[in-house]
Amino acid sequence: MKHILYIIGFLLSLTVFSQQEKVLTISDTTLINRWAYLESNWSYKKGDNINWSDPKFDDSSWTKISSKNLNKPNNKIIGGDNEIVWFRKLIKTDSTFNNPIVLNVSQAGASEIYLDGKLVRTLGKVSSNPEEIETIISWKIVFHLPLEKNKEHLLAIRFVNSQREYPKYYMNEGLINIQATSLHNILTTDPRLVTPRKEIRNYVNNLYIVLGIVLFMFVLFLCLYIFFKREKINGYFALTSLLYSCFLGTVLLEYKTNVFEFQYDYIIGILDVLYPLAALYCIYKIFNKRIGYFYWGIAVIGILSILSGFLVSSVYTGPIFGVFILVEFLRVSSLSFKSDKIGALIFLLTGVLNLIFWTIATLDRLGYINLPQLINYAPFAYILLPLSIAIYLGYFFGNRSQSLRLNLERVQKLSKEKESILSEQKDTLEQLVKERTSELNQSLVELKATQSQLIQSEKMASLGELTAGIAHEIQNPLNFINNFSEVSNELIDEMNEELDKGDLEEVKAISLDIKQNLEKINHHGKRADNIVKGMLQHSRSSSGTKEPTDINALADEYLRLAYHGLRAKDKTFNAELITDFDENIGKVNIVPQDMGRVILNLITNAFYAVNEKKQRDINFKPIVTVSTKKSDQHITISVSDNGNGIPENVKEKIFQPFFTTKPTGQGTGLGLSMSYDIVTKGHDGKLKVETTKNKGTTFIIELPN
């Protein structure tokens with residue numbers, strides 16, 4: 001961007017003074033309504049001597065030149081990087097000149113302006129030490145040159161061409177040219193005479209116009225994205241507009257500083273890559289194209305262009321990246337012509353206009369044509385791409401809104417047509433709804449009855465599991481009662497015999513034995529009574545009343561009952577029973593009948609699992625473990641087996657009602673479902689399962705502490 005300054009300096013076609021006179025004579029008519037270059041009859045010499053500003057110094061041996069760019073006559077730079085050059089020229093005003101002279105020195109370096117040996121203006125800082133040189137861009141600066149009427153003066157320029165640290169291999173053109181006008185022209189209201197760089201001023205003004213347009217697009221599409229986040233293309237384009245705004249803002253900031261700083265150039269170079277990539281990304285999304293090798297290849301070229309900014313000016317690397325962007329822009333638009341003719345035409349037209357403009361601009365820059373005002377319109381060429389996207393998005397959303405409006409009208413028309421049909425069918429449907437509702441109510445009643453029967457069936461099934469175990473358990477105390485009754489009967493006979501003999505001591509001893517037998521009969525009678533009561537509690541419906549219960553005793557009892565019940569069915573079945581009860585649990589507030597059903601169901605399932613594995617592997621040793629544990633948060637009851645485990649696809653369904661993996665007739669599918677409801681809903685606990693293939697399964701009951 002900054003090099004436009006230098007290019008425009010060569011394109012201005014202002015009237016110049018005569019190059020034949022040794023002394024430049026200025027009159028009122030010379031500067032009427034214009035700026036004029038002081039380009040003729042200069043003497044120059046490389047080196048640095050403050051005495052060279054003295055009018056008495058003889059510069060007849062110096063080289064003579066006539067050139068707009070004093071430091072580059074005949075397209076060859078006089079003063080190279082950080083080299084000081086002196087320029088001298090005689091100048092005077094004639095007797096008719098009544099207006100003070102105003103000068104403008106446009107430069108890419110630093111200079112000191114001397115008149116008759118006296119320093120009248122410093123632009124930047126000239127120094128023989130490169131580190132002390134301060135470059136200033138002075139295209140906006142004008143200053144008074146105090147000439148006396150009809151007197152010959154010596155105008156001397158001390159100039160240094162400063163080479164910037166970065167880009168490392170950027171060749172500075174060493175621009176310095178001088179223009180003059182009258183103070184009357186500066187004070188006029190004619191904007192063309194305020195500064196000698198009308199082209200640059202117009203260029204900057206156009207940049208401000210474009211910046212305003214782009215910021216408006218950013219705010220507009222950002223709001224559209226915020227309120228309609230499903231339309232992500234609005235967000236992409238808002239980001240593109242933001243990047244472009246930052247690019248334009250940085251360019252304007254650099255112009256405002258009057259100093260070309262590398263950080264500005266580098267930021268401009270980065271943004272000059274990012275916003276075209278963002279715009280190209282929007283084109284891909286608009287046409288639903290996949291981001292592929294072409295896009296990433298162009299992105300790599302852009303990154304290389306940014307990195308090359310340390311070595312070569314972006315003036316040379318930027319156009320290469322721009323060509324690839326434009327080519328891909330045209331390629332994607334062409335490929336999308338069939339699917340989206342309007343969008344493709346909009347973007348193809350934009351691409352062609354860009355191509356035409358930059359082709360003409362390149363020819364102008366190379367000198368094949370002469371269009372000095374062309375560069376003023378470059379900002380509008382920059383905005384063509386984002387503006388075309390905005391136009392297309394406006395067309396797209398407008399077209400979609402029109403389509404929605406037409407669809408709405410069709411829907412309204414169909415609604416009116418169907419309204420009468422719906423009205424006629426309303427009574428019929430209401431009648432059908434009543435009939436179906438009645439049928440559903442009847443089905444619901446039947447379903448509830450069936451559900452109650454199934455639940456009762458599940459209870460009876462679990463009761464059946466207990467029957468054999470209870471029979472085995474109750475046989476033991478009955479055997480003891482019978483045995484001790486027979487023994488007591490014999491002891492009574494013996495006691496009668498001893499009474500006849502009169503041996504009271506022996507009678508007392510026998511009576512004590514009878515008493516002990518009666519105590520044992522009473523103990524085993526109570527044991528049988530408890531077993532019968534437990535069976536009755538298990539078989540009848542639960543009252544739902546919680547009561548303190550010894551959970552260890554409950555688990556141990558149902559473990560033995562379940563084991564003996566299975567043994568009664570299958571005499572060949574054997575399993576190792578392991579218990580690990582936490583003695584610190586104490587009594588837990590539960591519904592004993594319900595929790596007993598849960599524990600019995602889990603233990604029965606564990607026996608079923610190990611028995612199934614045993615039938616397939618005769619060397620397998622079945623193990624069922626029941627354990628309890630108390631923690632600060634909850635009480636845990638675990639039932640583990642070393643069977644085959646539960647498959648993952650089955651594990652998710654085991655707590656569903658009526659789901660069972662057992663063969664037909666061996667399970668209702670309600671055991672685990674009821675157990676889950678008892679634990680979670682009846683006791684505010686959790687019922688979890690942990691299983692490993694071929695290693696076994698553990699069901700865990702967690703009850704609140």
key: Glu112 bridged to Arg158 by N-O distance under 4.0 Å   = yes
4.5 Å side-chain heavy-atom contact, [X] and [Y]:
{"X": "Leu207", "Y": "Val251", "result": "yes"}
{"X": "Leu70", "Y": "Tyr44", "result": "no"}
{"X": "Trp42", "Y": "Ile157", "result": "yes"}
{"X": "Leu277", "Y": "Ile298", "result": "yes"}
{"X": "Ile101", "Y": "Thr181", "result": "no"}
{"X": "Leu280", "Y": "Tyr295", "result": "yes"}
{"X": "Phe247", "Y": "Leu274", "result": "no"}
{"X": "Leu145", "Y": "Leu155", "result": "yes"}

Looking at every non-hydrogen atom in both residues, tell me the closest pair between [X] and [Y] and how far apart they are.
{"X": "Ile342", "Y": "Tyr395", "value": "CG1-OH, 3.3 Å"}
{"X": "Trp296", "Y": "Ile291", "value": "NE1-CG2, 3.4 Å"}
{"X": "Asn82", "Y": "Pro130", "value": "ND2-CB, 3.7 Å"}
{"X": "Leu330", "Y": "Gly351", "value": "CD2-CA, 3.6 Å"}
{"X": "Ile383", "Y": "Phe380", "value": "CG2-O, 3.2 Å"}
{"X": "Lys92", "Y": "Glu152", "value": "CB-CA, 3.6 Å"}

Reported [atom1]-to-[atom2] distance for the pair [X] and [Y], which is rounded to 0.5 angstrom:
{"X": "Ile233", "Y": "Phe396", "atom1": "CD1", "atom2": "CZ", "answer": "9.5 Å"}
{"X": "Leu326", "Y": "Thr350", "atom1": "CG", "atom2": "OG1", "answer": "10.5 Å"}
{"X": "Phe237", "Y": "Ile389", "atom1": "CZ", "atom2": "CD1", "answer": "5.5 Å"}
{"X": "Leu239", "Y": "Tyr244", "atom1": "CG", "atom2": "OH", "answer": "15.0 Å"}
{"X": "Asn354", "Y": "Leu384", "atom1": "CG", "atom2": "CG", "answer": "5.0 Å"}
{"X": "Ile178", "Y": "Lys68", "atom1": "CD1", "atom2": "NZ", "answer": "14.0 Å"}

Give a yes or no answer on whether the side chain of [X] reaches the backbone of [Y] with a donor-acceptor pair at less than 3.5 Å.
{"X": "His153", "Y": "Glu148", "answer": "yes"}
{"X": "Asn71", "Y": "Gly79", "answer": "yes"}
{"X": "Asp116", "Y": "Leu154", "answer": "yes"}
{"X": "Tyr281", "Y": "Pro276", "answer": "no"}
{"X": "Ser111", "Y": "Gln107", "answer": "no"}
{"X": "Asn104", "Y": "Ile141", "answer": "yes"}
{"X": "Asn74", "Y": "Lys76", "answer": "no"}

The test is side-chain hydrogen bond (donor to acceptor under 3.5 Å, both in side chains); show your working for Ser67 and Asn69 and say whether it passes.
CA-CA 5 Å; Ser67 174; Asn69 185 357; over 6 Å; no
- Task: Could you check whether the rings of Phe347 and Phe329 sit parallel, tilted or perpendicular, using 30° and 60° as the cut-offs?
- Result: perpendicular
Applying ring-ring contact (aromatic ring centres under 6.0 Å, His included) to Phe324 and not counting sequence neighbours gives none
Residues pairing under side-chain hydrogen bond (donor to acceptor under 3.5 Å, both in side chains) where one sits in residues 320-347, two or more places apart or in two chains, turn out to be Tyr284-Glu328, Glu328-Arg331, Asp340-Tyr392
The complete set of ring-ring contact (aromatic ring centres under 6.0 Å, His included) pairs with one or both residues in residues 61-82, sequence neighbours excluded, reads Trp52-Trp62, Phe57-Trp62
* Check the pair Asn161 / Phe159 against side-chain contact (heavy atoms from CB on, under 4.5 Å), numbers first and verdict last. => CA-CA 7 Å; Asn161 178 21; Phe159 173 76; 3.9 Å; yes
Sorted by chain and residue number, the side-chain hydrogen bond (donor to acceptor under 3.5 Å, both in side chains) partners of Ser43 (sequence neighbours excluded) come out as Lys64
| Could you go step by step and tell me if Leu248 and Val210 meet the side-chain contact (heavy atoms from CB on, under 4.5 Å) rule? | CA-CA 8 Å; Leu248 295 173; Val210 172; 3.6 Å; yes
Do Ser127 and Asn129 have side-chain N/O donor and acceptor atoms under 3.5 Å apart? no
### Message
Checking side-chain polar atoms at under 3.5 Å, does Trp86 have a donor or acceptor matched by the opposite partner on Asp59?
### Response
no
Contacts of Arg121 meeting salt bridge (charged side-chain N to carboxylate O under 4.0 Å, His left out) (sequence neighbours excluded), chain-then-number -> none
Step-by-step side-chain contact (heavy atoms from CB on, under 4.5 Å) determination, Leu385 to Tyr275: CA-CA 10 Å; Leu385 177 57; Tyr275 87 79; 5.9 Å; no
What pairs of donor and acceptor atoms, side-chain ones from residues 213-232 against any protein atom, are under 3.5 angstrom apart with sequence neighbours left out?
from	atom 1	to	atom 2	distance (Å)
Glu231	OE2	Arg400	NH1	2.7
Glu231	OE2	Arg400	NH2	2.6

(request) Go through the steps to decide whether Val126 and Ile84 satisfy the test side-chain contact (heavy atoms from CB on, under 4.5 Å), and finish with yes or no. (result) CA-CA 8 Å; Val126 182; Ile84 297 177; 4.1 Å; yes
